[in-house]
Protein chains: 2
Amino acid sequence: MNNRLVSAEAPDDRLPRYQQVRDDLVRRIAGGEWAPEQAIPTEAALAQTYAVSVGTVRKAIDQLVADGIVTRSQGRGTFVRRPRFDTSMFRFFRFKSRSGEPVLPVGRVLRRELAAPDETARAALRLAPRDKAIHLSRVRLVDGQTVIAEEIWLPREGFEPLAKLALPDFGDLLYPLYERLCGQVVATASETLTVGQADADIAALLRIAPASPIIVVHRTAFDFAGKPLEWRFSRGAAAAFQYEVEIR
Amino acid sequence: MNNRLVSAEAPDDRLPRYQQVRDDLVRRIAGGEWAPEQAIPTEAALAQTYAVSVGTVRKAIDQLVADGIVTRSQGRGTFVRRPRFDTSMFRFFRFKSRSGEPVLPVGRVLRRELAAPDETARAALRLAPRDKAIHLSRVRLVDGQTVIAEEIWLPREGFEPLAKLALPDFGDLLYPLYERLCGQVVATASETLTVGQADADIAALLRIAPASPIIVVHRTAFDFAGKPLEWRFSRGAAAAFQYEVEIR
DNA sequence: AAGTGGTCTAGACCACTAT
DNA sequence: TAGTGGTCTAGACCACTTG
């Protein structure tokens, strides 16, 4: 999974040149050589650096664009993309405020602990068998009403600053926080949707009838190099769920 | 929706050449000039036909590949892709036979009528206000047990042969039937997922408890030119539902 | 061996952005 | 005006498939 985002440590001579260039650019972006929103070198400069033609560099960058890693802007340059999927629950849920407009739910961390993750989370984060991890219990609110309940697991390594941060300071969006405080950039994520039934706790939290259907979203978030940074599962009322797909 | 698949009737001179070539190829494929699984002309031949360089043709074909309209095969040629999404419910549901392997459900048409579609179906098929349409009630079975119930609407125009076909002759897969009997090729589709509750009828059909959660999939299927060919909605037990997405 | 798509080059000119 | 990405060309050679 996410193989195309994993850069080869040893650039493979058997691969086409544009693939090697692409892989090296991914490696450099993952290594923080250019921060999100920053411009990478011009196509001409890269062509010289890698000793290939501009056309080959263009093909490499075409792939980075397709992968969502960079964006091009004619006349300005090519920029490392800052992914923003703290709003991505909107893919699945349609939340409206009382006044009717779509709205970004407020985030609130209720609890934080250092604990041993269950096997699913441990495997997703590729942790050693008895490693502990940071666990956050978080809710998302619209008009003060809980619409999503989330359980979030983070490896200790790389996320130490979060272990001390005051809970109210977590704010509404976590991924910008990861980047600002921990230097960890979420580049891609993989999600699995299933339908479950609300137990008593979740039903009370979401103010729905016990046993009514809920959507459960499991997400693993990765950095540019394909390393798992976060595992979470989110639960919301199925009544608010709607999802559209294009098939071809 | 599906704008990128709709070919301009008048090729726009302001567009890049590779876009014009792409649009014309879509138009010709939609017009049936090359059937699914057939090869389109070679890149060199197309370059001559359109009086552009091979590189420009390649860029046009790159887009058709990205759109899922053709596939390339090195050394063999470029072929019109035959979309196969009668299996696409597997995107959403995981059905296993009694023996445990994943299995393609059997299809059975229970009922057929010529009737006025409801407003949703009418709008999806872009029919005139009082047009009638072909309505099929269909179930999908695994080991003799109904796992999905489907209501399908088709425009009369283009699907006349289906109005007379004996119900058992519909077979398991409808889209190959549309192509064989009616010359209609489904190229893309757009689906919307929601969660509902089983009413008494559906609960009995699916053998689940009344009011238990069901997944409702609304689908509009389009031909290569972006014309809607079919509108359907499918209902299955939410317990069998699972869906994975990659985000970037 | 002939023909196909896949890679790569070295340039030209255009469209857009910044200054 | 200078510099960026966007389009386009005309070729070369490679890798793969088919007869």
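- Counting only distance, with no hydrogens or angles, the side chain of B:Glu160 and the backbone of B:Gly158 share a donor-acceptor pair below 3.5 Å.
- Note on ring orientation: taking the six-membered ring where Trp is involved, the planes of A:Phe233 and A:His218 are tilted (angle from 30° to 60°).
- Counting heavy atoms from C-beta outward, A:Thr220 and A:Phe222 have side chains that approach closer than 4.5 Å.
- For DNA chain D, the neighbouring residues in residues 53-60 of chain B, judged by any heavy atom under 4.0 Å, are B:Ser53, B:Thr56, B:Lys59.
- Near DNA chain D, meaning a heavy atom under 4.0 Å from it, residues 42-49 of chain A has A:Thr42, A:Glu43 in order of number.
- Place B:Gln74 and A:Gln74 on DNA chain C by their nearest nucleotides, and B:Gln74 ends up nearer the 5' end.
- The pair B:Glu150-B:Arg108 fails the salt-bridge criterion, with no side-chain N (NZ, NE, NH1 or NH2) lying under 4.0 Å from an Asp/Glu carboxylate O.
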Requested in this report: Evaluate the side-chain contact (heavy atoms from CB on, under 4.5 Å) criterion for residues B:Phe79 and B:Val70: first the C-alpha distance (whole Å), next the side-chain angles of each, then the deciding distance (0.1 Å), finally the verdict.
Outcome: CA-CA 5 Å; B:Phe79 302 84; B:Val70 302; over 6 Å; no
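- Annotation: side chain of B:Val57 is not in contact with side chain of B:Thr49 (no heavy-atom distance under 4.5 Å).
- With hydrogens and angles disregarded, a donor-acceptor distance shorter than 3.5 Å links the side chain of B:Gln20 to the backbone of B:Leu15.
- The nucleotide range of DNA chain C contacted by chain A, defined by atoms under 4.0 angstrom from heavy atoms of the protein and reported 5' to 3', is C:dT7 to C:dA18.
- Using a cut-off of 4.0 Å between Lys/Arg side-chain N and Asp/Glu carboxylate O, B:Arg81 and B:Glu37 are scored as not salt-bridged.
- Contact check on A:Arg72 versus A:Glu43 returns a salt bridge, with a Lys/Arg side-chain nitrogen under 4.0 Å from an Asp/Glu carboxylate oxygen.
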Between A:Tyr18 and A:Asp62, does a side chain to side chain donor-acceptor pair (under 3.5 Å) hold up when you go through it step by step? CA-CA 10 Å; A:Tyr18 71 85; A:Asp62 281 345; over 6 Å; no
